[in-house]
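Everything on this sheet refers to the single structure shown next.
Counting starts at 1 for both ligands and their atoms, following the listed order. Here the structure is a predicted model, which is why all the values come from computation and not from measurement.
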Amino acid sequence: MISLNIEKTFGFISKEKVFAYEAEVKAAQEMLEKGTGKGNDFLGWLHLPSSITKEHLADLNATAKVLRDNCEVVIVAGIGGSYLGARAVIEALSNSFTWLQEKKTAPVMIYAGHNISEDYLYELTEYLKDKKFGVINISKSGTTTETALAFRLLKKQCEDQRGKETAKQVIVAVTDAKKGAARVTADKEGYKTFIIPDNVGGRFSVLTPVGLLPIAVAGFDIDKLVAGAADMEKACGADVPFAENPAAIYAATRNELYRNGKKIEILVNFCPKLHYVSEWWKQLYGESEGKDNKGIFPASVDFSTDLHSMGQWIQEGERSIFETVISLDKVDHKLEVPSDEANLDGLNFLAGKRVDEVNKMAELGTQLAHVDGGVPNMRIVLPSLSEYNIGGLLYFFEKACGISGYLLGVNPFNQPGVEAYKKNMFALLDKPGYEEESKAIRAKL
Ligand SMILES: O=P(O)(O)OC[C@H]1O[C@H](O)[C@H](O)[C@@H](O)[C@@H]1O
């Protein structure tokens, strides 16, 4: 299970101040438990892990098997919360070169519906031309343009290549129980469907079929993922004392840093497999807290890669940042630095050492340098990249986000600001029903 260390924030904020949040956090926890806070119709994620049944997991695993048995490639079509959670978990658990491996143990997972790039979609459809592929069409609203557009292309191609009957077996929809175009199409075509509960918002939906189905298709153990999340649900429960509750401490610390002028939180990893965990985290915190002209700006870097680009800014730029490092304790493989007689690169001092030891010293050195440079540092230790630990990490961030949003005083469960660009795009594209907006926007150009 993950653990959290906030010691390296104490040169910047005081421990007493962080612990003084206890009552505020308790109130926030209560608002979540009793459903008395803002956005209380979106609290379905709160006790989701412990309420997932064996039958539900078996149903997901059975559908995943159909896709695994019948597809070389599976396209996950979705955007935002209907995409990032699955990708975060799959990339964290997969071999870094999985799609290049000759002997495949699972379909190649590809993502679409998260951009509107013509070249991306053209190149995808080209690649798929000689592939037996299936599609998981994921959209809570069922009307998101990016996803609907990609799905329209993929559905047609799948039917043309594999025939309508087979397409019906290998296209699965994850969407609303009743509403939306994705639901209507799935019902009409007879696709297998999974429901996204009304009371679980997109960015909190990774432990619904939105995340669980693609993760199972990719060959990972969703039972263990859910078990890790369920144990974390207990560890972060409202009944757990403040000092022992990682979600409470994380929420309090980041709010105290924010109140002390640290407006940007950078999520850091030293393992490229965690890149999409950061992308998922950015949506979770960005959409939950960035409103009412408030909110920590969630940013992310992959180290040591970005130490050679963003490292300068972090070390010596404006002191408005803090870092939260996801520190991976145990790696999966062993690789030692070889010794070299000529030693032309001068690296023989590392000979015989594990690569991970070098990485760990880069991590420790970076922490000390950044703290010295005025960057408060929190550290989340992830014991290893397993389904169980990742499940726990995801739930930890969700729970802390709910608490943190209430500490900030916003509704953490809506995202009204996302509509502005959509409205303009529809007006510019002359979508029926947007006639007035079209006229108004043209007058601005
Ligand atoms: O699942 P969907 O309804 O397609 O929504 C996908 C995503 O797009 C929206 O615009 C929201 O900003 C996100 O919170 C959501 O996760």
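Ligand 1 lies less than 4.0 angstrom from a heavy atom belonging to Gln283. In this structure, Glu419 falls outside the shell of residues with a heavy atom less than 4.0 angstrom from ligand 1.
Polar contact with ligand 1: present for Gly81 (N/O pair, distance under 3.5 Å). For ligand 1, one of its N or O atoms has an N or O atom of Ser82 under 3.5 Å away. By the 3.5 Å distance cut-off applied to N or O atoms, Gln415 is not counted among the residues near ligand 1. On a distance-only criterion, Thr147 and ligand 1 share no N/O pair closer than 3.5 Å.
Counting heavy atoms from C-beta outward, Glu398 and Glu233 have side chains that stay 4.5 Å or more apart. You'll find the side chain of Lys224 stays beyond 4.5 Å of the side chain of Ser386, heavy atoms only. Leu154 has its side chain within reach of Leu128: a pair of non-hydrogen atoms, C-beta onward, lies under 4.5 Å apart.
Considering only non-hydrogen protein atoms, atom 12 (O) of ligand 1 sits nearest to Glu287 OE2, 2.6 Å. Distance from atom 10 (O) of ligand 1 to its nearest protein heavy atom, with residue and atom name: Lys422 NZ, 2.6 Å. Nearest protein neighbour of atom 5 (O) of ligand 1, counting heavy atoms only, is Thr144 OG1, 3.5 Å.
In this structure, Arg254 forms no cation-pi arrangement with Tyr258, as its terminal cationic atom is not both closer than 6.0 Å to the ring centre and no more than 45° off the ring axis. Under a cutoff of 6.0 Å and an axis angle of 45°, Lys422 and Phe426 do not form a cation-pi pair. For the pair Lys131 and Tyr127, the cation-pi test (distance below 6.0 Å, angle within 45°) is passed.
To the nearest 0.5 Å, atoms OG (Ser300) and CD (Glu265) are separated by 10.5 Å.
At least one donor-acceptor pair under 3.5 Å links the side chain of Lys262 to the backbone N or O of Arg319.
Here is the list of ligand 1 atoms found below 4.0 Å of a heavy atom in Ser141: 2 (P), 3 (O), 4 (O). Less than 4.0 angstrom separates some heavy atom of Lys140 from each of these atoms of ligand 1: 1 (O), 2 (P), 3 (O), 4 (O). Atoms of ligand 1 found under 4.0 Å from any heavy atom of Val418, numbered from 1 in the order shown, are 10 (O), 12 (O).
With a heavy-atom cut-off of 4.0 Å, Ile79 touches ligand 1 through backbone and side chain alike.
Here the options are Thr185, Val135, Asp160, the test is side chain to side chain contact (heavy atoms under 4.5 Å, CB included), and the partner is Lys155; only Thr185 passes.
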